[in-house]
There are 2 protein chains.
Amino acid sequence: MNIGDVAIRSGLPAKTIRYYEDIGLVKPLRSANGYRSFRERDVHMLAFLGRARALGFSIEDCRNLLKLYEDDHRTSAEVKQIAEGHLAEIDRKITELTEMRATLARLVDACAGDHRPDCPILADLAAPPAETDRPDDRG
Amino acid sequence: MNIGDVAIRSGLPAKTIRYYEDIGLVKPLRSANGYRSFRERDVHMLAFLGRARALGFSIEDCRNLLKLYEDDHRTSAEVKQIAEGHLAEIDRKITELTEMRATLARLVDACAGDHRPDCPILADLAAPPAETDRPDDRG
DNA sequence: ATAGGGGTTCCACTGACTGGAAGGTCAATG
DNA sequence: CATTGACCTTCCAGTCAGTGGAACCCCTAT
């Protein structure tokens, strides 16, 4: 099968598939005319990669997951460890974004958004208020 | 002031400060020996940039925010628009990550994580279950 | 013969830095 | 006066996961 058909069947752009070959994730055969020739197994692997990437796994995670997938002697513990690591990373990102969101939403809320130049958003970026809510907070 | 002191005062690595000069965000003077010479205003701008970046604003957003900050004729509406755009982007990312998290957590939960090779995580990546919960679903 | 719709390689670019090499400057010390 | 060490400089390469484009080859149909 040529790359165009594989792109359709795997849902990945042809460019991405070539890139995945470049970095050794798939190893399609070559036809006499130099075209890549994909077997069913390759298409399957590419679809696997597409789904793993959609879940946010890094390419290196994908490489390891694929290796485990192809390994009859794997243990589910190995797979789970990768997934848990990624889950922790996702949680870290969500936390970070949620904190950003809270600050930003507060500032946006405080901003009139009118024709005047006064702006709490810029004021905060220029010099965020010290945390002196409580009288005893670091003096 | 030399770049090392500015790095300490602004909280940004010297490398980053040089990069910010490279892309035109700050324009420090130069001493006779070729060293960058930062004024108070430069330090102030770099701290501003550091806080804007910490809120996740892109460099281009930062550039525009800084321009507005320095512009007496700005309107808070312009600032608010940038912030709201960024807020929407953050929300988009949180949504995306939350969806990934849900799927991944379900799979991790279903995985025994033991010595056996059977693994629902790999099974899902290989071929996610079709959405045929309801009998009439595209069946 | 030519047009088109495939395919190929290779290079450059993205964002926002970061690491490192090779070398210049300066204050303090022996 | 030479040297050490901490600072500074520029420039190049790498990160991550692709994406865009140029220049060119292959195959089929007309």
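Note on naming: letters A, B, ... go to the chains in the order of the sequence lines (proteins, then strands), and numbering restarts at 1 for each one.
With rounding to the nearest 0.5 angstrom, the CD atom of B/E78 is 11.0 Å from the CG atom of A/D114. The OH atom of A/Y20 lies 6.0 Å from the CG atom of A/L12; values are rounded to the nearest 0.5 Å.
Minimum heavy-atom separation, B/H44 to A/A126: CE1-O, 4.0 Å. Summarising the geometry of A/K80 relative to B/I121, their closest heavy-atom pair is CA-CD1, 4.0 Å, with the distance given to 0.1 Å.
For the helix from C/dA1-D/dT30 to C/dG30-D/dC1, the rotation axes defined at the first and last 5 base pairs enclose an angle of 50°, given to the nearest 10°.
Heavy-atom neighbours of A/R39 CZ from other residues, nucleotides or ligands within 6.0 Å: above the threshold of 12. With a 6.0 Å radius and a threshold of 12 heavy atoms from other residues, nucleotides or ligands, B/Q81 has its CD atom at or below the threshold.
Residues from residues 7-25 of chain B with heavy atoms under 4.0 angstrom of DNA chain D, sorted by number: B/K15, B/R18.
On the nucleic acid side, DNA chain D has its first and last nucleotide under 4.0 Å of a heavy atom of chain A at D/dA17 to D/dC27, going 5' to 3'.
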When you look at A/R101 and A/E96, which way does the salt bridge (Lys or Arg N to Asp or Glu O under 4.0 Å) test go after all the steps?
-> CA-CA 9 Å; A/R101 209 218 110 90; A/E96 187 186 358; over 6 Å; no
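Contact of the B/L87 side chain with the A/M100 side chain is not registered, since no non-hydrogen atoms from C-beta on lie closer than 4.5 Å.
Under a hydrophobic-cluster definition in which Ile, Leu, Val, Met, Phe, Trp and Tyr are linked whenever side-chain heavy atoms come within less than 4.5 Å, directly or via other members, A/Y19 and A/V43 are assigned to the same cluster.
When rounded to the nearest whole Å, the span between CZ of A/F38 and C1' of C/dG6 equals 14 Å.
Residues B/E60 and B/Y35 each lie close to DNA chain C; by heavy-atom proximity, the contact nearer the 5' end of the strand is made by B/E60.
B/N33 has a side-chain polar atom (N or O) that falls below the 4.0 Å cut-off from OP1 or OP2 of C/dC26. Within the 4.0 Å cut-off from OP1 or OP2 of C/dT9, at least one side-chain nitrogen or oxygen of A/R30 is found.
Ion pairing between a basic and an acidic side chain is recognised when a charged N comes within 4.0 Å of a carboxylate O; B/E21 and B/K27 show no such pairing.
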